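Take a look at the structure below.
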Protein chains: 2
Amino acid sequence: MLPVIAAEGSPADTEECSIPLVREPVGDAAASGLAQVFRALGDPVRLRLVSLIGAHQGGEACVCDLTAAFSLTQPTISHHLKVLREAGLIDSERRGTWVYYRLVPTALERMAAMLSPPAS
Amino acid sequence: MLPVIAAEGSPADTEECSIPLVREPVGDAAASGLAQVFRALGDPVRLRLVSLIGAHQGGEACVCDLTAAFSLTQPTISHHLKVLREAGLIDSERRGTWVYYRLVPTALERMAAMLSPPAS
DNA sequence: GCTCTATCTTGACGCCCGTCGATGCAGGCT
DNA sequence: AGCCTGCATCGACGGGCGTCAAGATAGAGC
């Protein structure tokens, strides 16, 4: 249940995962954690979910909005949201009847930094 | 039919995929192409392969070097390299007996740009 | 030519993943 | 109370993916 991308202060994480991927060989432990996040993005539906949430008014969207954008059942969308949440890419908050999903910017930024070339 | 973003049937790569993911909703065609690349990175072995190739002397490595870094059979490594090559993340060149693999920097940079926040 | 080495391909196996219908649960309404 | 709506979970099905052993292919050298 713990997000792979540490929310705050996971020391091992900052050492292994915050350097660019191609600077030095990544260990298998770090590779497994990183791969989970990339795998979460490795589905067209989840990619569009992230995009929809990020582009939505106020930076958040409720499940009903998201479900309406696909020709998939609501349990399927809920499953994909769970995968993204467990990868640390999004988080959710319940307000009254609706549950709102929001991106975790630091998670996306860290993945971007991982793919960026070391310096040049 | 749906006026998402993209007209189908054109290589959506170059145009569609260069906008940050969270700026505006991504169409299904672009999402499928993007998801293929993310899925290619969504395996610990392939992630370590990319890391090993990028960190290797001269920016390239032959299969024998890569195979030695894992406790997997050579056909399995060859399979993973094929997945990465079909995703456009690496390319290969045969020199004599050995096949050398090299990263495609623009591919990694584009994925990084996709994950970067629009403005801030 | 033949042989050896390095690499790719094929076929098969098991498991994981995406999807669904059905059900459960929480909160708002009357 | 009762009901209805939004969302999560469960169980199951089918297809895809990672892995392997075995065979095929390419190049170097004799």
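Keep in mind that the numbers below use all heavy atoms, side chains included, and drop hydrogens, waters and symmetry copies. Letters A, B, ... mirror the listed sequences (proteins, then strands); counts begin at 1. Keep in mind that what you see is a predicted model, and the values were worked out from it rather than measured.
- Remark: the A:Gln74 side chain and the D:dA8 base include a donor-acceptor N/O pair separated by less than 3.5 Å.
- Contact check, B:Tyr101 against C:dT7: no side-chain N or O comes under 4.0 Å of OP1 or OP2.
- If you take CG of A:Leu47 and P of C:dG18, they are 13 Å apart, rounded to a whole angstrom.
- For A:Trp98, taking side-chain heavy atoms from C-beta onward, the closest of the listed nucleotides D:dC7, D:dG18, C:dC8 is D:dC7.
- Across A:Arg85, A:His56, A:Glu60, a single residue satisfies side-chain hydrogen bond (donor to acceptor under 3.5 Å, both in side chains) together with A:Tyr101, and that is A:Arg85.
- Cation-pi geometry between A:Arg95 and A:Tyr100 is met: under 6.0 angstrom from the ring centre, within 45 degrees of the axis.
- Between B:Ser78 and the phosphate of C:dC8, there is a side-chain N or O to OP1/OP2 separation shorter than 4.0 Å.
- Between C:dA22, C:dT7, D:dG18, one nucleotide has an atom nearer to the side chain of A:Pro75 than all others, and that is C:dA22.
- The phosphate of D:dG16 (OP1 or OP2) has no side-chain N or O of B:Arg39 nearer than 4.0 angstrom.
- Nucleic acid contact for A:His80: sugar-phosphate only, since backbone atoms but no base atoms lie under 4.0 Å from a heavy atom of the residue.
- Dashed line: the shortest gap from a side-chain N or O of A:Thr76 to OP1 or OP2 of C:dC20 is under 4.0 Å.
- Separating the CD1 atom of B:Ile77 from the P atom of D:dT19 is a distance of 8 Å, rounded to the nearest angstrom.
- Residue contacts shown for A:Leu81 are absent, as no nucleic acid heavy atom lies under 4.0 Å away.
- For A:Thr97, the listed nucleotide lying nearest its side chain is D:dG6; candidates were D:dA21, C:dC20, D:dG6.
- Among the protein residues, A:Arg46 comes within range of the sugar-phosphate backbone only, with heavy atoms under 4.0 Å from sugar or phosphate atoms but none that close to a base.
- For the pair A:Tyr100 OH and C:dG27 P, the interatomic distance rounds to 15 Å; values are reported in whole Å.
- To the nearest angstrom, C1' of D:dC17 lies 20 Å from CZ of B:Phe38.
- With respect to B:Asp91 and B:Arg102, a salt bridge is recorded, a charged nitrogen being found less than 4.0 Å from a carboxylate O.
- Nucleotide C:dC13 holds its P atom 18 Å from the NE2 atom of B:His79, rounded to whole Å.
- When all heavy atoms of B:Leu89 and B:Ala40 are compared, the closest pair comes out as CD1-CB, 4.2 Å.
- Atom NZ in B:Lys82 sits roughly 13 Å away from atom C1' in C:dT7 (whole-Å rounding).
- For A:Arg95 and C:dG27, the shortest distance from a side-chain N or O to OP1 or OP2 is not below 4.0 Å.
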Check: Do A:Trp98 and A:Asp65 pass the side chain to side chain contact (heavy atoms under 4.5 Å, CB included) test, and can you show the C-alpha distance, the side-chain angles, and the key distance before you say yes or no?
Finding: CA-CA 10 Å; A:Trp98 295 273; A:Asp65 291 334; over 6 Å; no
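- At a threshold of 4.0 angstrom between heavy atoms, the contacts of B:Leu72 are confined to the sugar-phosphate backbone, with no base atom among them.
- Atom CG in A:Leu84 sits about 14 Å away from atom P in C:dC17, given to the nearest Å.
- Shown here is A:Glu93, whose CD atom has more than 12 heavy atoms of other residues, nucleotides or ligands within 6.0 Å.
- Counting to the nearest Å, the P atom of D:dC7 and the CG atom of A:Leu66 are 9 Å from each other.
- Checking C:dT7, D:dT19, C:dG27 against the side-chain heavy atoms of A:Arg94 singles out C:dG27 as nearest.
- Nearest to the side chain of B:Val99, among D:dG18, C:dG21, C:dC8, sits C:dC8.
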